[in-house]
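Here is the structure we will look at.
Here is how names work: the chains are called A, B, and so on, in the same order as the sequence lines, proteins then strands, and each is numbered from 1.
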There are 2 protein chains.
Amino acid sequence: MQTNAGVKRVPSVHTGGSMNVMLAAGALRDDGLIQEESAIAQALRDAILERRLGPGSRLPEEQLAEIFASSRGRIRRVLLALAREHIVVIQPSRGAFVASPDAAEARAVLAARRMIEVAVMERPCQPLTEDAIAVLRAVTEEERRAHAAHDSVAMIRWSGRFHLELALALGNAVIAGIVSELSLRTSLIIAIYERQNAMCCLKADHDLLLGTVCEQAWAEAGRLMSRHLLEIEQNLDFSSPAPPASSLSLILKR
Amino acid sequence: MQTNAGVKRVPSVHTGGSMNVMLAAGALRDDGLIQEESAIAQALRDAILERRLGPGSRLPEEQLAEIFASSRGRIRRVLLALAREHIVVIQPSRGAFVASPDAAEARAVLAARRMIEVAVMERPCQPLTEDAIAVLRAVTEEERRAHAAHDSVAMIRWSGRFHLELALALGNAVIAGIVSELSLRTSLIIAIYERQNAMCCLKADHDLLLGTVCEQAWAEAGRLMSRHLLEIEQNLDFSSPAPPASSLSLILKR
DNA sequence: GACGGGTGCATTGTTAACAATCATCGTTTA
DNA sequence: TAAACGATGATTGTTAACAATGCACCCGTC
């Protein structure tokens, strides 16, 4: 599924360079899965990311097989892969469900993110290239556009994307893979514990961050990143155990 | 995340203590795998960690199924899980092999480790408990013992274990999982690129580190950790592409 | 009305047979 | 001699049928 509808348009002149990085993002490789499986996995990740599939949702093998015009065996492999990413839970003899992390796990994930992403800011292990800056600018531009259009799905996606590109630009592919996984888990967590009045995770934080990054003010960038992630955490409400218990309605195919 | 809640670890006693510490290690849960599969996966990880299975080794499904008295289907699941940990590579229609990361991947893994583990030292997100210190002391004691006995297998294992316990003590379960995976990848890397005259990865670095940790001298601990990991990296020789090409001799079952 | 047991259905788990693919090696030919 | 070709065997990939499990529903009894 590199037909990722929205991902194509990077509004910059240097289509060539951006394109490359664009591809890399979706394709941060799904080791051990063949193309078709990888596509299904990505479709499920997208559905979770965009909250079409809520935490606790049932994921029946046969139904998924039909939806994706695939076989049960293949779905099974995909579900195992997603279980290893901690966004799906497999209960033996019961089936697979979208994970619904508890408060402790939520805190652990966020703490890990803070630790890692702040470290990436403070001590980048790669020089910042012009290309990388261009990509980051393009992403924040997309974020702004999504925000203006009140397109919350796009907002979620580009927001995650910003963190990923940052990890890729200042860290490396291994770190980016880790950040990517933690990002996805985070968005599951937000789906469960978000405060009602939540400010939808963006108030130009990313712009600010990008500014300091461009100036190579690493210490300040680290501080901003820390604050940014702390804010996300502080906008969670762990008091309501609230398992939203979504139905098995699958609006997966597009 | 009560992952390690049930496992009480008391360091003191020789066999008993060590055993307990042993258990906790593998048990950093293998999501999506049933017990039997998890055991097989751990056996393979151990074999790789201890370099009984060298990089590039072939891993035929049927043979593994026989060795572990299991079925091909189950082996298949295990291999997929290990592929997602990047310690096994699955080549479609060709089979599974122990991964042999190239220089670029090796550097990325080590850089990621340095970034993350240094961050854990510098900014622990948990107060250091007495229990944790006891466990860490026990591990270094085991390391010393293994070193004295020239038991390189035990040395490798306890060395990795030290890093894991550190991440668990000062970080959390999520970070420990990440460190655990990176550790395993590192030991694959060392198996490939280690300099002949390598000093076998331990010259009391861990003792020193533990000392500063106990004193809660975080900045110094971070510096030591950084140096420690850099030393590992500097003892690698990427010039010889040397794929040791090990046979498929499987001394897996114990 | 609540509890316990039992039946049937829906779903997952497992297996075995078959199909497809790749490597090996011997043979042929330029 | 070396390259190309082709058959053979070994290994992986896929499927479909069957077994096992858990769940919901119904019924009877207390």
Side-chain angles (χ1 to χ4, degrees), chain A residues 29-41 44 47 53-85 87-100 243 245-250 252, chain B residues 29-41 44 47 53-85 87-100 243 245-250 252:
Chain A
R29 67 167 184 259
D30 257 331
D31 286 271
L33 267 51
I34 65 176
Q35 216 171 2
E36 183 189 344
E37 290 164 343
S38 182
I40 297 174
L44 285 169
L53 272 179
S57 299
R58 191 125 203 285
L59 299 170
E61 300 177 354
E62 207 148 7
Q63 205 165 339
L64 292 174
E66 191 171 1
I67 291 175
F68 292 110
S70 184
S71 65
R72 247 186 81 207
R74 208 157 276 163
I75 295 296
R76 215 148 219 281
R77 278 174 80 80
V78 171
L79 290 175
L80 174 57
L82 296 179
R84 308 235 93 214
E85 295 173 21
I87 58 174
V88 155
V89 169
I90 295 178
Q91 296 181 2
S93 290
R94 296 241 6 241
F97 303 81
V98 176
S100 58
S246 68
S247 73
L248 60 159
S249 69
L250 304 190
L252 292 171
Chain B
R29 69 162 181 263
D30 256 331
D31 285 271
L33 267 51
I34 65 177
Q35 217 171 358
E36 183 188 342
E37 290 163 343
S38 181
I40 297 174
L44 286 169
L53 272 180
S57 299
R58 194 127 200 284
L59 299 170
E61 300 176 354
E62 207 149 7
Q63 206 165 339
L64 291 174
E66 190 170 3
I67 291 176
F68 291 111
S70 185
S71 65
R72 245 185 84 207
R74 209 156 278 162
I75 295 296
R76 214 149 219 280
R77 278 175 80 80
V78 171
L79 290 176
L80 174 57
L82 296 179
R84 306 235 95 210
E85 295 173 21
I87 58 175
V88 156
V89 169
I90 296 178
Q91 295 182 4
S93 290
R94 298 241 5 243
F97 303 80
V98 175
S100 58
S246 68
S247 74
L248 60 159
S249 68
L250 303 190
L252 292 171

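Of the two residues near DNA chain D, A:Arg74 and A:Pro92, the one whose nearest nucleotide lies more 5' is A:Arg74.
The interatomic distance linking A:Arg72 (CZ) with C:dT15 (C1') rounds to 12 Å, in whole Å. The distance from atom CZ of B:Phe97 to atom C1' of D:dT11 is 10 Å, rounded to the nearest whole Å. Taking atom CD of B:Glu62 as the reference point, atom P of D:dT11 lies 7 Å away to the nearest angstrom. Rounded to an integer number of Å, the gap from A:Arg94 CZ to D:dG22 C1' is 8 Å. A straight line from CD of A:Gln91 to C1' of D:dT21 spans 14 Å, rounded to a whole angstrom. The distance from atom CG of A:Leu33 to atom P of D:dG13 is 12 Å, rounded to the nearest whole Å. B:Glu36 places its CD atom 14 Å from the P atom of C:dG13, with the value rounded to the nearest Å. For the pair A:Gln35 CD and D:dG13 P, the computed distance is 15 Å after rounding to whole Å.
Residue A:Glu62 qualifies as open at atom CD: its count of foreign heavy atoms under 6.0 Å is 12 or below.
One finds no side-chain N or O of B:Arg76 lying less than 4.0 angstrom from the OP1 or OP2 phosphate oxygen of D:dT12. When the side-chain nitrogen and oxygen atoms of B:Ser71 are compared with OP1 and OP2 of C:dT15, one or more of them lie within a distance under 4.0 Å.
Atoms CD1 and CD, from B:Ile34 and B:Glu37 in turn, are 4.0 Å apart once rounded to the nearest 0.5 Å. Here the CZ-OG distance, from B:Arg76 to B:Ser70, works out to 13.0 Å after rounding to the nearest 0.5 Å.
A:Gly95 comes within 4.0 angstrom of sugar-phosphate atoms only, judged by non-hydrogen atoms across all strands, and of no base.
When all heavy atoms are compared, the tightest approach of A:Asp30 to A:Ala41 is OD2-CB, 4.4 Å.
Considering only side-chain atoms of B:Arg58, the nucleotide from D:dT11, C:dT12, D:dG13 that sits closest is D:dT11.
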